Participant: 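A single structure is presented below for examination.
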Amino acid sequence: MSKCALITGITGQDGSYLAEYLLDQGYEVHGLMRRVALENQESRAGRIRHIAARLRLHSATLENYPSVFQVLSKQRFDECYHLGAQSYVTDSFADSFTTMNVNINGTHYLLEGLRQLQPACRFYFAGSSEMFGKAHESPQRETTPFHPRSPYGISKTTGYYLTQNYREAYGMFCCSGILFNHESPRRGFEFVTRKITNAAVRIKLGLEKELRLGNLEASRDWGHAADYVRAMHAMLQQSKPDDFVVATGQTYRVRDLCELAFGELGLDYHDYVRTDPGLNRPADVELLLGDASKAKNQLGWSPRYSFKELVKEMVQADLERNRELQRAAD
Ligand code: NAP
Ligand code: F7E
């Protein structure tokens, strides 16, 4: 009999890649979606439009317990991938209360609902390298102390400890992936990689003149989302629940990303990128670099995409999309 999985955040970047991956593995895939997204699938569920007919979508929000409880009462799941969150660090400074509510309480509601109704369901929590924040050592591994630098980082650190506590207190199969930044052509436009690849393309096509960015010296360990969802799945197939860092082991500055993305289009980023102090965060994370040795040794996981291949794919996808938009406007 095929396994049944629930994905929260199925309309997001990772949710869409994970849904595709689980369908390919023969899973019955269910997704938790906000009512507004369920009702406006054309505009709000673009990342899963191509597979929507093969999914079972449930209306719910992570903002209240009855909503989550209702979904868990209707259907039995073998695995639950909890990806739903307010995931944009800048927004978490602007509205820390919503971030805390969705990310901390949403995780707690789901864990408690599973404990009450389906304690045998395996649980994946989308932890983040933002938990390391002002990192105490480099590279960062599972044993590196947390020092979050934003409300988002704090919310993910709390979610990590909630997940650990349900594992230890109730013997549930709960894992956290500590995932470093991962991107793709499906990345939201607010994140720096997509902001850069899309702007570089629009400048190349004469649709925009410049790109305004904040901190160009911040360094990140950037991988591809399609690689990272394989690691999420592998964690829930282990004989014992555990936590894993997922990263490429290479770090680049935002400036390097600009050079590569603009270079891909034959442009020099110095001619177009302007720094805007208004885009700096109240506290930023300067350098992240992950050591994924544990995931490599225990899960047999390693990334397939290089940073250059990732940026090239994103630039090419944005080029195609913007050309289509231009054609449609003509
Ligand atoms: P994303 O594209 O921002 O997707 C977030 C998802 O959460 C969307 O489906 C969104 O639904 C849903 N969501 C937000 N608020 C919700 C609410 N109140 N109730 C129900 N659903 C809600 O994020 P992602 O990049 O795929 O990341 C997936 C997860 O991994 C997140 O938890 C993120 O924090 C974490 N993470 C991401 C990275 C990364 O580099 N991508 C790294 C480490 C950890 P709508 O479509 O309705 O907005
Ligand atoms: O910023 C700098 C910014 O917003 C990366 C989320 O998926 O990964 C992501 O969080 C860096 C930061 O990602 C702009 O200051 C400069 O240093 O793309 P980002 P993030 O904050 O690293 C982690 C692992 C998650 O878990 C999160 O959910 O780029 N930066 N100028 C800028 N960033 C943005 N967004 N926009 C700028 O104009």
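One-based numbering, in listed order, for ligands and for the atoms of each. If you're wondering where the values come from, they're calculated on a predicted model, not measured in any experiment. When reading the values below, keep in mind they use all heavy atoms of this one structure, side chains included, and skip hydrogens, waters and symmetry mates.
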Participant: Contact between Arg186 and ligand 1, counting heavy atoms under 4.0 Å?
Facilitator: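 For ligand 1, residue contact (heavy atoms, under 4.0 Å) with Arg186 is absent.
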Participant: Any donor-acceptor pair under 3.5 Å linking the side chain of Gln118 with the backbone of Gln75?
Facilitator: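 At least one qualifying donor-acceptor pair exists.
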Participant: Which one of Ala60, Ala85, Gly9 has a non-hydrogen atom at the shortest distance from atom 5 (C) of ligand 1?
Facilitator: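 The residue whose heavy atom sits nearest atom 5 (C) of ligand 1 is Ala85.
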Participant: Can Lys294 be said to sit on top of Phe244's aromatic six-ring, NZ or CZ under 6.0 Å from centre and within 45° of the ring axis?
Facilitator: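 Relative to the ring axis of Phe244, which defines the angle, Lys294 lies inside both limits.
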Participant: By number and element, which atoms of ligand 1 are closer than 4.0 Å to a non-hydrogen atom of Gln13?
Facilitator: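 Those of ligand 1 that fall under 4.0 Å from Gln13 are 2 (O), 25 (O), 26 (O), 41 (N).
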Participant: Do any N or O atoms from the side chain of Arg141 and from the backbone of Ser138 form a donor-acceptor pair under 3.5 angstrom?
Facilitator: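 No: the side chain of Arg141 does not pair with the backbone of Ser138.
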Participant: State yes or no: are the ring centers of Tyr88 and Tyr152 separated by less than 6.0 Å?
Facilitator: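 Between Tyr152 and Tyr88, which both carry aromatic rings, the centre distance is not below 6.0 Å.
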Participant: Give me the nearest non-hydrogen protein atom to atom 27 (O) of ligand 1 as residue plus atom name, then the distance to 0.1 Å.
Facilitator: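 Ranked first by proximity to atom 27 (O) of ligand 1 is Asp14 OD2, 3.6 Å.
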Participant: Output yes when a side-chain donor or acceptor of Ser92 lies under 3.5 Å from a complementary backbone atom of Thr99, and no otherwise.
Facilitator: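 Judged by distance alone, no pair lies under 3.5 Å.
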Participant: Who gets closest to atom 44 (C) of ligand 1 by heavy atom: Gly159, Gly177, Gly127?
Facilitator: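 Checking each option, the heavy atom nearest atom 44 (C) of ligand 1 is found in Gly127.
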Participant: Can you tell me the protein heavy atom closest to atom 34 (O) of ligand 1 and the distance?
Facilitator: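 I find the closest protein heavy atom is Tyr152 OH, 2.6 Å.
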Participant: Taking atom types as modelled, is there a side-chain donor on Thr197 or Asp318 under 3.5 Å from an acceptor on the other?
Facilitator: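 Distance-only check passes for Thr197 and Asp318.
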Participant: Between side-chain atoms of residues 171-185 and protein atoms elsewhere (two or more places apart, or another chain), which donor-acceptor pairs fall under 3.5 Å?
Facilitator:
| residue | atom | partner | partner atom | Å |
| --- | --- | --- | --- | --- |
| His182 | ND1 | Phe180 | O | 2.8 |
| His182 | NE2 | Asp14 | OD1 | 3.2 |
| His182 | NE2 | Asp14 | OD2 | 2.6 |
| Glu183 | OE1 | Arg187 | NE | 2.6 |
| Glu183 | OE1 | Thr193 | OG1 | 2.4 |
| Glu183 | OE2 | Arg187 | NH2 | 3.1 |
| Ser184 | OG | Gln13 | OE1 | 3.0 |
| Ser184 | OG | Tyr17 | OH | 3.4 |
| Ser184 | OG | Arg186 | N | 2.9 |

Participant: Compare Ser184, Ser87, Gly12 and give the one whose heavy atom is closest to atom 23 (O) of ligand 1.
Facilitator: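 The residue whose heavy atom sits nearest atom 23 (O) of ligand 1 is Ser87.
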Participant: Only heavy atoms of Val102, strictly under 4.0 Å: list the atoms of ligand 1 that pass.
Facilitator: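 Selected atoms, number and element: 15 (N), 18 (N).
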Participant: Hey, can you tell me if Phe307 and Trp222 have their rings parallel, tilted or perpendicular (30° and 60° cut-offs)?
Facilitator: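 Correct class here is parallel.
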Participant: Do Asn215 and Asn280 have a side chain donor and acceptor closer than 3.5 Å?
Facilitator: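 No, Asn280 and Asn215 have no side-chain donor paired with an acceptor closer than 3.5 Å.
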Participant: Which of the numbered atoms in ligand 1 are below 4.0 angstrom from a heavy atom of Thr61?
Facilitator: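 With Thr61 as reference, the close atoms of ligand 1 come out as 18 (N), 19 (N).
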Participant: Can you find a heavy atom in the side chain of Arg122 that is under 4.5 Å from one in the side chain of Met235?
Facilitator: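 When only atoms from C-beta onward are counted, Met235 and Arg122 do not touch, as no gap falls below 4.5 Å.
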Participant: Can you list every pair where an N/O of ligand 2 is under 3.5 Å from an N/O on the protein?
Facilitator:
| residue | atom | partner | partner atom | Å |
| --- | --- | --- | --- | --- |
| ligand 2 | 4 (O) | Arg281 | NH2 | 2.8 |
| ligand 2 | 7 (O) | Arg187 | NH1 | 3.3 |
| ligand 2 | 7 (O) | Arg187 | NH2 | 2.8 |
| ligand 2 | 8 (O) | Asn181 | ND2 | 3.0 |
| ligand 2 | 15 (O) | Asp284 | OD2 | 2.7 |
| ligand 2 | 17 (O) | Arg220 | NH2 | 3.0 |
| ligand 2 | 17 (O) | Asp284 | OD1 | 3.1 |
| ligand 2 | 17 (O) | Asp284 | OD2 | 2.9 |
| ligand 2 | 18 (O) | Val192 | N | 2.8 |
| ligand 2 | 21 (O) | Arg281 | NH1 | 2.6 |
| ligand 2 | 21 (O) | Arg281 | NH2 | 3.4 |
| ligand 2 | 22 (O) | Asn181 | ND2 | 2.8 |
| ligand 2 | 22 (O) | Arg220 | NE | 2.8 |
| ligand 2 | 26 (O) | Ser128 | OG | 2.7 |
| ligand 2 | 26 (O) | Tyr152 | OH | 2.7 |
| ligand 2 | 28 (O) | Ser87 | O | 2.7 |
| ligand 2 | 28 (O) | Tyr152 | OH | 2.8 |
| ligand 2 | 31 (N) | Gly214 | N | 2.8 |
| ligand 2 | 35 (N) | Glu190 | O | 2.9 |
| ligand 2 | 38 (O) | Lys195 | NZ | 2.7 |

Participant: List every atom of ligand 1 that sits less than 4.0 Å from any heavy atom of Asn181, numbering the atoms from 1 in the order shown and giving each element.
Facilitator: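 Counting from 1, the qualifying ligand atoms are 40 (O).
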Participant: With a 4.0 Å cut-off on heavy atoms, is Thr8 touching ligand 1?
Facilitator: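 No, that is not the case, since the closest heavy atom of the residue is not under 4.0 Å from the ligand.
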Participant: Do Gln237 and Glu79 have side-chain atoms, one donor and one acceptor, less than 3.5 Å apart?
Facilitator: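 Yes - a donor-acceptor pair under 3.5 Å links their side chains.
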